Protein chains: 2
Amino acid sequence: MAAESLPALPCACANLRRAARAVTRGYEAALKGTGLTPTQHTLLQALDLLGLSPQGALGELLAIDSTTLTRTLRPLERAGWVRAVSGADRREVRWALTLRGRRRLERARPAWERAQARLRTRLGADVWARLAADLAAVAGAA
Amino acid sequence: MAAESLPALPCACANLRRAARAVTRGYEAALKGTGLTPTQHTLLQALDLLGLSPQGALGELLAIDSTTLTRTLRPLERAGWVRAVSGADRREVRWALTLRGRRRLERARPAWERAQARLRTRLGADVWARLAADLAAVAGAA
DNA sequence: CGCCAATAGTTGTATATACAACCATATCTC
DNA sequence: GAGATATGGTTGTATATACAACTATTGGCG
């Protein structure tokens, strides 16, 4: 199982999406036992980071369309990992991680860290670090 | 519309997916008039690059599951942009870009190049170049 | 106040994505 | 050459994703 390097594609978008697909599969496999998909894990982690947060702000941080969040958050709410909190502006839906949600995230942590470590090892620390910064720039630039 | 830089996320997978979503939206908008989605454009471009190619090989190049290809290629076939060619091994489906497909790809080229140029300008040439290599490594490593 | 524009989310619809299970064909082994 | 195994794709099902159109609320502005 040598890491057969794929050729770079001419299209930056294609390159990004290909890498995202490949990595997602790895994280998905790693998170298998935790009952969380990569997307769900990311949502919980982001909410943990942000604290109580309007849906729009969550979407901005993750570059996820608000209409997508409506649907991806629904199962998390049903599972009791997040809850909607009403505030002054009644159009807004603000989301909070529940205690159950935090526990679930904590429970998934070892698996997530294994996935991170595995990729980091395969890439090398320099590429790994560079990539985090470059990808943040890309998300901001697009 | 300043390029408000988003903070890097703790999760490499989340970082990648966020960037992919953001960039995909840009390319999708740019390709709007061409009748091609980013995915479709990538498929045609890859097939142009590879020439006559078994479905599995195409999937490997793009890190797309073969079951996904079955479905994403179908509309391209119906549109007459690609066609299935039978070979010696009758399990295999080999795909070829048709003339119409090549023309469509060519027609989309200016729009695609605008999207590329736009992102490249916003990122700077150094990040752009580095990213292509790093992302290819990621796709191979995952 | 009372209309009008802007903003926050939801619903309808369509594409992209992949895993598990499956079918068909090829290859291997005796 | 026949049965076992491996390989290449398809179907069933589920999640992720977003655009267009819509609803509800808010914030001007006269």
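Because the structure is a prediction, the values reported are computed rather than measured. Residue numbers start from 1 in every chain, and the chains themselves are labelled A, B, ... in the order their sequence lines are given, proteins ahead of strands. When reading the values below, keep in mind they use all heavy atoms of this one structure, side chains included, and skip hydrogens, waters and symmetry mates.
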Open item on the list: Restricting to side chain to side chain donor-acceptor pair (under 3.5 Å), what partner residues turn up for B:Arg107, sequence neighbours left out?
Closed with: none
TODO: Could you list where the contact with chain A starts and ends along DNA chain D, reading 5' to 3', using a 4.0 Å heavy-atom cut-off?
DONE: D:dA16 to D:dT26
Task: Rounded distance [0.5 Å steps], CD in B:Gln55 versus CG in B:Leu58 - done: 7.5 Å
TODO: Mind running a 4.0 Å heavy-atom check of residues 88-97 of chain A against DNA chain D and sending the residues that fall below it, in number order?
DONE: A:Ala88, A:Asp89, A:Arg90, A:Arg91
- [ ] Among Ile, Leu, Val, Met, Phe, Trp and Tyr joined by side-chain contacts under 4.5 Å, find the other residues sharing a cluster with A:Leu52 and list them by chain and number.
- [x] A:Val85
- [ ] Taking side-chain contact (heavy atoms from CB on, under 4.5 Å) as the test, write out the residues that go with A:Pro110, two or more places apart.
- [x] A:Arg114
TODO: Of all the heavy-atom pairs spanning B:Leu123 and A:Ala141, show the shortest one and how long it is.
DONE: CD2-CB, 4.0 Å
Task: Residue list, salt bridge (Lys or Arg N to Asp or Glu O under 4.0 Å) with A:Asp65, at least two apart or on another chain - done: none
- [ ] Determine, using the 4.5 Å side-chain heavy-atom cutoff (strictly less than), whether A:Val138 and A:Ile64 are members of one ILVMFWY cluster.
- [x] no
- [ ] Within residues 11-26 of chain B, find the residues that approach DNA chain D with a heavy atom at under 4.0 Å, and present them sorted by residue number.
- [x] B:Arg17, B:Arg21, B:Arg25
Open item on the list: Give the residues of residues 74-87 of chain A touching DNA chain C, defined as any heavy atom closer than 4.0 Å, sorted by residue number.
Closed with: A:Arg74
TODO: Group every Ile, Leu, Val, Met, Phe, Trp and Tyr by side-chain heavy-atom contacts under 4.5 Å, then state whether A:Val127 and A:Leu9 land in the same group.
DONE: no
Open item on the list: What's A:Leu69 touching, base or sugar-phosphate or nothing? Going by heavy atoms closer than 4.0 Å.
Closed with: nothing
TODO: Please answer: with hydrophobic residues joined when any side-chain heavy atoms are less than 4.5 Å apart, are A:Leu6 and A:Val23 in the same cluster?
DONE: no
Task: salt bridge (Lys or Arg N to Asp or Glu O under 4.0 Å): pairs with one or both residues in residues 133-142 of chain A, sequence neighbours excluded - done: A:Asp134-B:Arg130
Task: Comparing B:Thr67 and A:Thr67 on DNA chain C - which has the more 5′ nearest nucleotide - done: A:Thr67
Task: Beyond-backbone contact of A:Arg18 with A:Asn15, side-chain heavy atoms, under 4.5 angstrom - done: yes
Quick one: side chains of residues 39-46 of chain A, donor-acceptor pairs under 3.5 Å with protein atoms, not counting sequence neighbours, listed by atom name and distance.
from, atom 1, to, atom 2, distance (Å)
A:Thr39, OG1, B:Arg17, NH2, 2.8
A:Gln40, OE1, A:Thr37, N, 3.2
A:Thr42, OG1, A:Pro38, O, 3.0

Task: Which residues share a side chain to side chain donor-acceptor pair (under 3.5 Å) with A:Ser53, sequence neighbours left out - done: none
- [ ] Measure the spacing between OG1 of A:Thr98 and CD of A:Glu77 and express it to the nearest 0.5 Å.
- [x] 10.5 Å
- [ ] Quick one: closest heavy-atom pair of B:Leu97 and B:Trp81, and the distance?
- [x] CD1-O, 3.5 Å
TODO: Strictly below 4.0 Å, heavy-atom distances to any atom of DNA chain D: list the hits from residues 43-57 of chain A, or just say none.
DONE: none
Open item on the list: Students often get this wrong, so: under 4.0 angstrom with heavy atoms, is B:Thr68 touching a base, only sugar-phosphate, or nothing?
Closed with: base
